[in-house]
Peer 1: 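I have a structure here, written as C-alpha cells, and I will follow up with some questions on it.
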Amino acid sequence: MDGFGSDFSGKVDTGSIMEQVKVQIAVANAQELLQRMTDKCFRKCIGKPGGSLDNSEQKCIAMCMDRYMDAWNTVSRAYNSRLQKERAKM
C-alpha cells in the first residue's frame, strides 16, 4: 500500500479509501463542533476579554460547553436513529 489506497500493482483498495475519507470527515466535524462551541460560549460568557478569566467567566464557559455538548449528543443520537430507520426502509 502507498497510503493512497492502492498497492504497487496499481489496484485501488476502495475500502481503505472510504475509511480514510470517513476519518477525515470525522476530524472536520470535530473541528467544526469545537469552533462553533468556542465562538458561542465566548460571546455568551466573556464580557471584557483580558489576560485571565474570573471565576464567574470560568463557570459560565464550563456550563456553556457542557450544555452545548449535551445538545450536540442529543441531536446526533436522534439523527443517527432516524438514518438507521430510513436505511431499514430501503
Side-chain angles (χ1 to χ4, degrees):
M1 284 284 169
D2 64 4
F4 295 103
S6 65
D7 57 23
F8 294 112
S9 67
K11 294 180 184 174
V12 175
D13 180 4
T14 56
S16 175
I17 292 172
M18 289 299 291
E19 201 56 40
Q20 290 174 8
V21 169
K22 286 179 185 179
V23 167
Q24 290 174 348
I25 289 171
V27 168
N29 285 337
Q31 288 173 331
E32 182 179 354
L33 169 65
L34 185 59
Q35 184 63 48
R36 285 183 180 191
M37 183 172 54
T38 301
D39 290 345
K40 178 184 171 89
C41 294
F42 183 87
R43 280 188 310 236
K44 180 180 184 335
C45 298
I46 310 301
K48 295 181 183 177
S52 63
L53 300 175
D54 65 28
N55 195 33
S56 65
E57 290 172 331
Q58 290 178 13
K59 287 180 182 178
C60 181
I61 292 276
M63 295 285 289
C64 180
M65 293 177 93
D66 285 345
R67 284 193 307 266
Y68 198 94
M69 288 303 298
D70 287 344
W72 177 269
N73 289 332
T74 299
V75 169
S76 292
R77 282 192 299 273
Y79 179 72
N80 287 331
S81 174
R82 188 170 199 169
L83 279 178
Q84 288 176 354
K85 287 177 185 177
E86 290 296 320
R87 287 181 183 152
K89 289 180 184 179
M90 295 178 139

Peer 1: What is the minimum heavy-atom distance between Tyr68 and Leu33, and which atoms define it?
Peer 2: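 Smallest interatomic distance, heavy atoms only, reads CE2-CD1, 3.4 Å.
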
Peer 1: Under 2.5 Å between the sulfurs of Cys64 and Cys41, yes or no?
Peer 2: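 Yes; the two sulfurs sit under 2.5 Å apart.
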
Peer 1: At what distance, to the nearest 0.5 angstrom, does SG of Cys45 lie from NZ of Lys59?
Peer 2: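 Spacing of SG (Cys45) from NZ (Lys59) equals 13.0 Å.
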
Peer 1: Between Asn29 and Ile25, is any pair of side-chain heavy atoms under 4.5 Å apart?
Peer 2: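 Heavy-atom side-chain distance check passes, below 4.5 Å.
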
Peer 1: Are there over 12 heavy-atom neighbours, none belonging to Arg67, within less than 6.0 Å of that residue's CZ?
Peer 2: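 Atom CZ in Arg67 is crowded, with more than 12 foreign heavy atoms closer than 6.0 Å.
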
Peer 1: Counting distance only, does the side-chain N/O of Ser81 pair as donor-acceptor with the main-chain N or O of Arg77 below 3.5 Å?
Peer 2: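 No.
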
Peer 1: Distance check, rounded to the nearest 0.5 Å: Lys85 atom NZ versus Asn80 atom CG?
Peer 2: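 Interatomic distance, Lys85 NZ to Asn80 CG, rounded to 0.5 Å: 12.0 Å.
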
Peer 1: Starting at CD of Glu57, measure out to CZ of Phe42 and round the result to the nearest 0.5 Å.
Peer 2: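 It comes to 8.5 Å.
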
Peer 1: Would Met63 and Leu53 show up in the same hydrophobic cluster when neighbours are defined by side-chain heavy atoms closer than 4.5 Å?
Peer 2: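 Shared cluster, no.
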
Peer 1: Output the distance between atom OG1 (Thr74) and atom CE (Met69), rounded to the nearest 0.5 Å.
Peer 2: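 Here the interatomic distance stands at 10.5 Å.
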
Peer 1: Using a distance-only test with no angle check, is there a side-chain donor-acceptor pair under 3.5 angstrom linking Asp39 and Gln35?
Peer 2: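 There is such a pair (donor and acceptor under 3.5 Å, judged by atom type) between the side chains of Asp39 and Gln35.
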
Peer 1: Rounded to the nearest 0.5 Å, how far apart are OG1 of Thr38 and CD1 of Ile61?
Peer 2: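 Nearest 0.5 Å value for the OG1-CD1 distance: 8.0 Å.
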
Peer 1: Let me confirm one number: the OG1-CD distance from Thr14 to Glu19, rounded to the nearest 0.5 Å.
Peer 2: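 Answer for the OG1-CD pair, Thr14 versus Glu19, is 11.5 Å.
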
